[in-house]
Amino acid sequence: MIEPREAASGRRVWGVAGLLAALSESLSSRFSAVTVSGELSGFTRAASGHCYFSLKDADGLAASLRGAMFRRAAGLLDFEPQEGMRVEMRGRLAVYEPRGELQFVAEAMRLAGAGSLYEQFLRLRERLEAAGLFARERKRPLPSFPTRIGIVTSLGAAALHDVLTALARRAPQVSVVVYPSLVQGSEAPRALVSALELANARQEVDLLLLVRGGGSLEDLWAFNDERVVRAVAGSALPIVCGVGHETDITLADLAADLRAPTPTAAAELAAPARADCLERLSALGRLLSLRTTARLDGQAQRLDRLALKLSRPSELVNRQSRLLALLAQRTRAAPLRRVELESQRLARLAERHRQAMARLLQRHTSRLDTVAARLGMLDPQHVLARGYAWLQDEAGQPITSVARLQVGQNVEARLADGAAELQVLKTR
């Protein structure tokens, strides 16, 4: 340890390094191993693996302690530290001599519950999500080629410079309107809402960029205020929100139509690059030229064909004359052909009628022959020809029973070739 030297006046005079070393030794002996509880803020993990952070008082008092956790101890963590988490750390106090700052060197860290701000963030996020402010279906597409872009941010913010630089580099054809507002502190939410309302009332831009640089959860808390979130969700103008770094997420990001990881990225997403637009216009111009040339060539060929026809009108007249002669010949031949066809059709109908009548006459003749044969079989004359006789009384009624005969009665017997008068002598 560097001891103080004696001054000419006899007083002890410390060098800076010696004083800081003495303080560090005193702290190490007084606070060799302590456990402290607080809320993480500004936690970062360097490429070397070391972690750096601030530890705030968990009860909301205005007290903060810088801290570090070296790679060996950080590699033993079983969770990923996040902004606003409430943690308990075991380690020792030390003085960081290059800056003369008091710091806490953590040897171990465990989760003690989320910090009050983070808990408030989660509760508000859940409530606004249930109200539909973050729904995907209410997100609107951005205009493809905006001509004027509005920026809501602080005039002194580095984010404004980044956005203006990106727009000047990528899209110098786009004009910019700045709606200044506080972006940090207790008055920031009201100022942000007023700036958003002013932009929507003027309706002089195609879309809005809501931007701010990175910071801790407390620094960005204005963008988690419910008034700001509802103003973003209710904006008539599309909003691109680029707040903080890529790992920072605010409720305004979730309510906006598009979230950008950084303010510069918000500018790049809002307007297409001028070079890309010019290249696209050039490609469209080439395509239009090709199609116009092709159309003109086609029309020129058509015009040439028409001009060729007009140059030989006699050929056109001859073609029309031949067509008219052909039509006249068809007109003269059509009635004769029709009469011939009708005559052939009538001849066919007459032949079919004659054949039908012959078949009908033959069918009726055959039927009459059949009926005549049946009648002949029933003729009593045929029966008499086989030796039978027909008896009838004087009244001409047939006698079919002996009971109708009486002795001495006169009857007539009809034979096949005539008749005989008979008298009944006896019956049995």
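One finds the CG atom of Leu133 at 9.5 Å from the CG atom of Leu124 (value rounded to the nearest 0.5 Å). A distance of 7.0 Å separates OG of Ser154 from CG of Leu182, quoted to the nearest 0.5 Å. Rounding to the nearest 0.5 Å gives a distance of 12.5 Å between CZ of Phe53 and CD of Glu83. Interatomic distance, Ser37 OG to Asp57 CG, rounded to the nearest 0.5 Å: 8.5 Å. With values rounded to the nearest 0.5 angstrom, Leu405 atom CG is found 11.5 Å from Leu425 atom CG. Taking CD of Gln301 as the reference point, atom CG of Asp297 lies at 6.5 Å (rounded to 0.5 Å).
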query: Taking it one step at a time, do Phe223 and Val232 satisfy side chain to side chain contact (heavy atoms under 4.5 Å, CB included)?
result: CA-CA 10 Å; Phe223 296 89; Val232 170; over 6 Å; no
query: side chain to side chain contact (heavy atoms under 4.5 Å, CB included) between Leu296 and Thr293: does it pass, once the steps are laid out?
result: CA-CA 5 Å; Leu296 290 175; Thr293 302; 5.8 Å; no
message: Show, in sequence, the C-alpha distance, side-chain angles and deciding distance for Glu197 and Asn200, and conclude whether the side chain to side chain contact (heavy atoms under 4.5 Å, CB included) test is met.
response: CA-CA 5 Å; Glu197 290 177 347; Asn200 279 276; 5.8 Å; no
- request: Quick one: do Phe70 and Val105 satisfy side chain to side chain contact (heavy atoms under 4.5 Å, CB included)? Show the steps, please.
  value: CA-CA 8 Å; Phe70 298 120; Val105 180; 3.6 Å; yes
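Proximity of Leu207 to Leu237: side-chain heavy atoms (C-beta onward) are nowhere separated by under 4.5 Å. At a threshold of 4.5 Å between non-hydrogen side-chain atoms, the residues Ser235 and Leu196 do not count as touching. Between Arg66 and Arg99 the shortest side-chain heavy-atom distance falls below 4.5 Å. Between Val87 and Leu55 the shortest side-chain heavy-atom distance falls below 4.5 Å. Contact annotation: the side chain of Glu80 never approaches that of Met85 to less than 4.5 Å [non-hydrogen atoms, C-beta and beyond]. Residues Val243 and Val183 are not in side-chain contact: their nearest non-hydrogen atoms beyond the backbone lie 4.5 Å or more apart. Side-chain atoms of Leu209 and Val240, non-hydrogen and from C-beta on, do get closer than 4.5 Å to each other. Ile249 places a side-chain heavy atom less than 4.5 Å from the side chain of Arg259.
When every heavy atom of Ala271 is checked against every heavy atom of Ala171, the shortest pair comes out as CB-CB, 4.0 Å. Here the shortest heavy-atom pairing between Gly213 and Leu220 reads O-CD2, 3.5 Å. When all heavy atoms are compared, the tightest approach of Leu167 to Ala267 is CD2-O, 3.8 Å. When every heavy atom of Tyr179 is checked against every heavy atom of Gly150, the shortest pair comes out as CE1-CA, 3.9 Å. Nearest approach of Arg404 to Gln409, heavy atoms of both residues: O-OE1, 3.5 Å. For Leu40 against Pro81, the heavy-atom pair with the smallest separation is CD1-CB, 3.6 Å.
At most 12 heavy atoms of other shown residues, nucleotides or ligands fall within 6.0 angstrom of atom CZ in Arg71. Within a 6.0 Å radius of CD in Gln406, no more than 12 heavy atoms belonging to other residues, nucleotides or ligands are found. Residue Glu126 qualifies as open at atom CD: its count of foreign heavy atoms under 6.0 Å is 12 or below. Surrounding CD of Gln329 are at most 12 heavy atoms belonging to other residues, nucleotides or ligands under 6.0 Å away. At most 12 heavy atoms of other shown residues, nucleotides or ligands fall within 6.0 angstrom of atom CZ in Arg280. Taking a 6.0 Å sphere around CZ of Arg169, one finds it holds more than 12 heavy atoms contributed by other residues, nucleotides or ligands.
With sequence neighbours excluded, the residues satisfying side-chain hydrogen bond (donor to acceptor under 3.5 Å, both in side chains) with Asp253 are Thr250. Applying the side-chain hydrogen bond (donor to acceptor under 3.5 Å, both in side chains) test to Arg337 and every residue at least two apart in sequence or in another chain returns nothing. In this structure, the side-chain hydrogen bond (donor to acceptor under 3.5 Å, both in side chains) partners of Arg230, at least two apart in sequence or on a different chain, are Glu226. Qualifying side-chain contact (heavy atoms from CB on, under 4.5 Å) partners for Arg286, counting only residues two or more places apart in sequence or in other chains: Glu279, Ser282, Ala283. The ring-ring contact (aromatic ring centres under 6.0 Å, His included) test applied to Tyr388 returns no partner, not counting sequence neighbours.
A donor-acceptor pair is defined here as one N or O able to donate and one able to accept, closer than 3.5 Å; such a pair exists between the side chain of Ser343 and the backbone of Val339. Without hydrogens or angle criteria, Ser41 side chain to Ser54 main chain gives no donor-acceptor distance under 3.5 Å. Between the Thr153 side chain and the Val211 main chain, a donor and an acceptor come within less than 3.5 Å of each other. With hydrogens and angles ignored, the 3.5 Å screen pairs a side-chain donor or acceptor of Arg140 with a backbone N or O of Ala236. With hydrogens and angles disregarded, a donor-acceptor distance shorter than 3.5 Å links the side chain of Asn224 to the backbone of Leu251.
Side chains of Gln184 and Arg212: a donor on one and an acceptor on the other come within 3.5 Å.
Between Arg90 and Glu107, none of the side-chain N atoms (NZ, or NE/NH1/NH2) sits under 4.0 Å from a carboxylate O, so this pair counts as no salt bridge.
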Show me the donor-acceptor pairs, under 3.5 Å and distance only, between side chains in residues 355-376 and residues at least two apart or in other chains.
residue	atom	partner	partner atom	Å
Gln355	NE2	Glu351	OE2	2.7
Thr365	OG1	Leu361	O	2.8
Thr370	OG1	Ser366	O	3.0

